[in-house]
Number of protein chains: 2
Amino acid sequence: MNKQNVPDVIVSRLPVYLRALQRLADAGETATSSQELGEKVGISAAQIRKDLSQFGEFGKQGTGYHIPFLIERLSQILHVDRIWDVAVVGMGDIGHAVARYNGFANRGFRVTHCFDADPAKIGKEIGGFIILDAKNLVEEVRKAEIKIAMLCVPATVAQDVADRLIEAGVRGILNYAPLKLIVPSTVRVQHIDPAIGMQRMTYYFD
Amino acid sequence: MNKQNVPDVIVSRLPVYLRALQRLADAGETATSSQELGEKVGISAAQIRKDLSQFGEFGKQGTGYHIPFLIERLSQILHVDRIWDVAVVGMGDIGHAVARYNGFANRGFRVTHCFDADPAKIGKEIGGFIILDAKNLVEEVRKAEIKIAMLCVPATVAQDVADRLIEAGVRGILNYAPLKLIVPSTVRVQHIDPAIGMQRMTYYFD
DNA sequence: TAGATTGTTAATCGATTAACAATC
DNA sequence: TAGATTGTTAATCGATTAACAATC
């Protein structure tokens with residue numbers, strides 16, 4: 001029950017379970033089993049039961065799991081039983097796309113602030129937001145109490161911008177810049193790099 | 001040496017090493033050690049040496065690794081000592097951004113084909129490409145011998161489109177749709193879902 | 001009740017780390 | 001040579017799987 005004791009590898013699978021459960025719910029299902037869920041996510045039934053058992057007893061012998069209940073509990077565990085405001089920094093193609101991304105709906109996030117340092121972009125509207133001056137990043141992020149940012153700036157300035165985000169109180173960074181950020185242990189970083197994903201596939205090609 | 005025997009977890013780290021080495025090379029460095037590289041990528045020196053030893057002996061005792069040589073060898077191992085043509089399917093915001101993404105330069109990939117099913121988009125230009133009709137997907141992908149696709153279509157049609165890509169000879173799919181694709185074991189899939197990345201961070205927040 | 005499926009334990013499997021001889 | 005760092009082995013650590021009593 002003490003989250004300090006739950007291995008990262010287990011935590012990393014919970015959002016995958018939640019996503020699959022929400023798809024089942026959308027399809028009108030109300031019950032599932034570790035067996036069925038395992039097939040949906042490509043993970044063994046035993047592992048799903050073991051993972052969930054870290055957090056409580058959510059199922060019933062004989063009948064499995066009640067989908068709405070399990071969604072509720074996983075949402076609480078992952079702290080997405082609320083909406084987190086998110087800042088996007090860097091309004092190039094990627095920043096533009098993630099700011100307008102509609103895949104966050106019902107998953108706990110909404111973009112509320114967009115920043116760029118380019119005077120040609122500042123003040124322009126994008127997906128309903130006015131692009132803010134990156135000069136005011138620390139002030140604005142702190143004022144809005146934003147804890148999560150998506151970093152879409154060029155690699156050359158990514159570490160600098162990350163430092164300022166952390167200074168402003170950000171505790172999680174989704175990093176689209178192709179380098180590893182150095183951050184205090186209190187800050188979480190998730191890296192998204194499509195070229196890395198591609199190279200993990202070409203290894204297996206002839 | 002037999003790639004069947006190299007665990008996926010090791011393969012998945014090689015692109016990270018390669019990216020860090022290319023950054024060091026860009027900075028003018030010609031030599032490094034497992035110690036220094038480990039600090040750059042956040043992995044222990046022992047693990048880096050163990051990982052590399054799966055593929056050969058690339059370093060020298062006392063002096064470490066010659067960066068250009070290690071880049072060359074890792075590029076060969078990952079099969080990015082060539083340029084792979086890539087198809088982007090689905091020209092929404094994400095497809096638009098990845099088609100124009102300049103982060104593939106020097107990393108083994110270039111986008112050569114863009115598809116969409118929307119008559120309003122077909123024929124339009126985007127980042128130097130004319131958007132092709134998704135109706136001709138199988139034919140065009142097969143003709144161009146494309147082996148890698150980035151899937152940027154809505155979740156509702158993602159599995160269908162993936163099936164057609166595989167039919168056309170695609171062997172690797174970078175999947176931006178928020179669901180797990182079911183594919184034959186000969187096909188590799190890498191998933192990119194920003195909401196999953198965010199939920200992996202909020203777990204640790206109060 | 002009979003069948004199904006959980007939560008958990010023990011066994012297995014695999015990955016990481018520590019240590020060091022080899023050698024540049 | 002002396003210092004540094006590799007590649008590799010053995011030890012440790014952690015994650016996954018298999019099995020099953022509990023029970024709905």
Novice: Below 4.0 angstrom from OP1 or OP2 of dA4(D), is there any side-chain N or O of Y65(B)?
Specialist: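 Negative; the distance criterion is not met.
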Novice: May I ask you to evaluate whether R13(B) reaches the phosphate of dA15(C), defined as a side-chain N or O under 4.0 Å from OP1 or OP2?
Specialist: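 The answer is no; no side-chain N or O of R13(B) sits under 4.0 Å from OP1 or OP2.
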Novice: From the set dA18(C), dT8(C), dA22(C), return the single nucleotide nearest to any side-chain atom of Q61(B).
Specialist: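 Side chain of Q61(B) sits closest to dA22(C).
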Novice: Closest to the A46(B) side chain: dA18(C), dG7(D), dT5(D)?
Specialist: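 Ranking dA18(C), dG7(D), dT5(D) by closest atom to the A46(B) side chain puts dA18(C) first.
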Novice: Return the pairing partner of dC13(C) with a 3.5 Å limit on both distances, Watson-Crick or G-U wobble; otherwise return none.
Specialist: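 dC13(C) is paired with dG14(D).
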Novice: With both distances kept under 3.5 Å, what pairs with dA22(C), Watson-Crick or G-U wobble?
Specialist: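 When the pairing criteria are applied, dT5(D) turns out to be the nucleotide that pairs with dA22(C).
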Novice: Round to the nearest Å and state the distance from D8(A) atom CG to dT16(C) atom C1'.
Specialist: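 Going from CG in D8(A) over to C1' in dT16(C) covers 15 Å.
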Novice: Given dT17(C), dT6(D), dT8(C), identify the nucleotide with an atom nearest to the side chain of Q47(B).
Specialist: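 Of all the options, the side chain of Q47(B) is nearest to dT17(C).
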Novice: Just do the salt bridge (Lys or Arg N to Asp or Glu O under 4.0 Å) check on E140(B) and K143(B) with the steps written out, would you?
Specialist: CA-CA 5 Å; E140(B) 297 270 9; K143(B) 192 173 68 188; 3.8 Å; yes
Novice: Any idea which of dA15(D), dT17(C), dC24(D) is nearest the V9(A) side chain?
Specialist: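 Of the options given, the side chain of V9(A) lies nearest dA15(D).
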Novice: Considering just the side-chain nitrogens and oxygens of R49(A), establish if one lies under 4.0 Å of OP1 or OP2 belonging to dT16(D).
Specialist: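 No, no such contact exists.
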Novice: After noting the C-alpha distance and the side-chain angles of R107(A) and V80(A), does the key distance pass the side chain to side chain contact (heavy atoms under 4.5 Å, CB included) rule?
Specialist: CA-CA 7 Å; R107(A) 298 180 73 186; V80(A) 289; over 6 Å; no
Novice: Can you check the K50(B) NZ to dT9(D) C1' distance for me, whole Å?
Specialist: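 Rounded to the whole Å, the gap is 9 Å.
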Novice: Between I10(A) and K60(B), name the one whose nearest nucleotide on DNA chain D is closer to the 5' end.
Specialist: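 The residue closer to the strand's 5' end, by nearest nucleotide, is K60(B).
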Novice: Measure the distance from CD on E39(B) to P on dT5(D) and round it to the nearest whole Å.
Specialist: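 So the two atoms are 11 Å apart, to the nearest Å.
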Novice: How many whole angstroms separate atom CG of L52(A) from atom P of dT5(C)?
Specialist: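 Rounded to whole Å, this separation is 16 Å.
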Novice: Donor-acceptor pair, H79(B) side chain versus Y203(A) backbone, under 3.5 Å?
Specialist: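 Present.
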Novice: Round to the nearest Å and state the distance from E57(B) atom CD to dT9(D) atom P.
Specialist: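 Distance check: E57(B) CD to dT9(D) P gives 11 Å.
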Novice: Under 30°, 30 to 60°, or over 60°: which ring-plane class applies to H113(B) and F115(B), parallel, tilted or perpendicular?
Specialist: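 It falls in the parallel class, under 30°.
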Novice: A quick test of your reading: do over 12 heavy atoms of other residues, nucleotides or ligands sit less than 6.0 Å from CG of N136(A)?
Specialist: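 Correct, the count exceeds 12.
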Novice: Give the rounded distance in Å between these two atoms: CZ of F58(A) and C1' of dT6(C).
Specialist: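 Interatomic distance, CZ of F58(A) to C1' of dT6(C): 13 Å.
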Novice: Is there a side-chain contact between S44(B) and the phosphate of dT16(C), meaning an N or O under 4.0 Å from OP1 or OP2?
Specialist: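 Looking at the OP1 and OP2 atoms of dT16(C), neither is under 4.0 Å from any side-chain N or O of S44(B).
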Novice: Return the value, rounded to whole Å, for the distance between atom CG of L37(A) and atom P of dT5(C).
Specialist: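 One finds 13 Å between P of dT5(C) and CG of L37(A), rounded.
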Novice: Please confirm whether the shortest side-chain N or O distance from T63(B) to OP1 or OP2 of dC24(C) is below 4.0 Å.
Specialist: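 For dC24(C), OP1/OP2 do not have a side-chain N/O of T63(B) under 4.0 Å.
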Novice: In whole Å, I'd like the distance from the CD atom of Q35(A) to the C1' atom of dA18(D).
Specialist: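 Distance check: Q35(A) CD to dA18(D) C1' gives 14 Å.
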